[in-house]
Protein chains: 2
Amino acid sequence: MTLFLSTFTNKVDKKGRVSVPASFRAELTDQSFQGIVLFRSNVHACLEGFAYSYMQEIGARLDDFDLFSAEQDDLATAIFGDAVQLPWDGDGRVMLPTELVEFSELNEKATFVGMGRKFQIWSPSVFEARRESARQSVKSKNMTIPKGSGGDK
Amino acid sequence: MTLFLSTFTNKVDKKGRVSVPASFRAELTDQSFQGIVLFRSNVHACLEGFAYSYMQEIGARLDDFDLFSAEQDDLATAIFGDAVQLPWDGDGRVMLPTELVEFSELNEKATFVGMGRKFQIWSPSVFEARRESARQSVKSKNMTIPKGSGGDK
DNA sequence: CGCTATCCCATGTTATCCCATATATATCCA
DNA sequence: TGGATATATATGGGATAACATGGGATAGCG
């Protein structure tokens, strides 16, 4: 099972290419498609990345809906229509489409954030702000982690 | 397993030809018929495209209806009766029949929308509205994709 | 014969491939 | 232990192929 961990910041070259962190690639070697699938986040100014196999899984689940039903149509349009399929080259780099670069404000560097089954791609400066706001939120609302989980790192 | 992803907008030239996106073609190379199967959507002002193999599966699903039921008859007529087989040329272009062009208001550009097992072809401007409505619908109705391959929807 | 679709080739743009280099970490042997 | 050599990763850039598109030539069909 794929598990994306840790944070890496790589350079976006003038061709629009960026190296996918090697440890992320290692999680994705056994799939039919050599690359990643990206979406725009509908919450933050960042991109969300998934394994191609994860998309296949969603495709299979959508088959449980009635063909031509309104739900199936809406979901398929919102999910698959918005997805972008990016193969990597021999050196593990992908080409970020300009729309996605603009959307997530990736000017010269891209921060890959592992989030388990998925990962996110941020502009480093935007991500710093996001990380800080998350920290503040946890602090002010006095959030805690429910018992049973492993504890702080 | 075929999986149509992302959206592509291509030009319709004065001969009525459109390039089928290369990534879509790649999903369809292994079939006996070199081309796509199209018919008019029963819901939207767009065209629906399928892999030939998926048409066979639809046929199988239709068998779940009573052989002479009114619904089976209606669906079979709407889907199979309306279907058009379009072979592509050496460069991956298909000729859109004028009835289909008029039905879906494809004047000079055509937007191919990946929807997993199938894809749709829209007039770009019409699709913009559709995309927004699909997003809203997913959001407001709180739609989710069922977990696992089980039956719940 | 005239219309239209199919085939074929040309073109510009852009992505992909491939190799070179830098840097860091790991490995090995004296 | 030290120092030199390997391995993996990230990055830069030139050569090449792929793709979308235009248009002419040819073949089929009415």
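In what follows, chains are A, B, ... by sequence order, proteins preceding strands, each numbered from 1. Model, not experiment: these values are computed from the prediction.
For residues 6-15 of chain A, the set of pairs meeting the side chain to side chain donor-acceptor pair (under 3.5 Å) definition, not counting sequence neighbours, comprises A/Thr9-A/Thr111, A/Asp13-A/Arg17.
If you take CG of A/Leu96 and P of C/dT14, they are 17 Å apart, rounded to a whole angstrom. For B/Leu86 and C/dA5, the CG to C1' distance is 12 Å, given to the nearest whole Å. The distance between atom CE of B/Met95 and atom C1' of D/dC29, rounded to the nearest whole Å, is 14 Å. Distance A/Asp89 CG to D/dG13 P: 15 Å, rounded to the nearest Å. Rounded to an integer number of Å, the gap from A/Arg25 CZ to D/dT11 C1' is 12 Å. Put simply, CH2 on A/Trp88 is 19 Å from C1' on C/dC18, counting in whole angstrom units. Residue B/Phe24 contributes atom CZ, which lies 18 Å from atom C1' of D/dA18 at whole-angstrom precision. In this structure, B/Asp13 atom CG and D/dG23 atom C1' are separated by 9 Å, rounded to whole Å.
Each of B/Lys14 and B/Ser19 was assigned the nucleotide of DNA chain D with the nearest heavy atom; the assignment lying further toward the 5' end belongs to B/Ser19. Residue A/Lys15 is the one, among A/Asp91 and A/Lys15, whose nearest nucleotide of DNA chain C lies closer to the 5' end (criterion: closest heavy atom).
Salt-bridge formation is not detected for the pair A/Asp91/A/Arg25: no Lys NZ or Arg NE/NH1/NH2 atom is positioned less than 4.0 Å from an Asp or Glu carboxylate oxygen. Between A/Asp63 and B/Arg117 there is a salt bridge, since a side-chain N of the basic residue sits under 4.0 Å from a carboxylate O of the acidic one. Ion pairing of B/Arg130 with A/Asp74 is present here, as a side-chain N (NZ or NE/NH1/NH2) and a carboxylate O approach within less than 4.0 Å.
Contact between the side-chain N/O atoms of A/Arg17 and the OP1/OP2 oxygens of C/dT14 is not found at any separation under 4.0 Å.
Around atom OH of B/Tyr52, no more than 12 heavy atoms belonging to other residues, nucleotides or ligands sit under 6.0 Å away.
Here the side chain of A/Ala22 is nearest to one of D/dA10, C/dT16, D/dG13, namely D/dA10. Each of C/dT16, C/dC19, C/dC9 was ranked by its minimum atom distance to the side chain of A/Arg93; first place goes to C/dC19.
In this structure, A/Val20 reaches the sugar-phosphate backbone alone: every heavy-atom distance under 4.0 Å involves primed, P, OP1 or OP2 atoms, never a base. Nucleic acid contact class of B/Pro21 (heavy atoms, under 4.0 Å, all strands): sugar-phosphate only.
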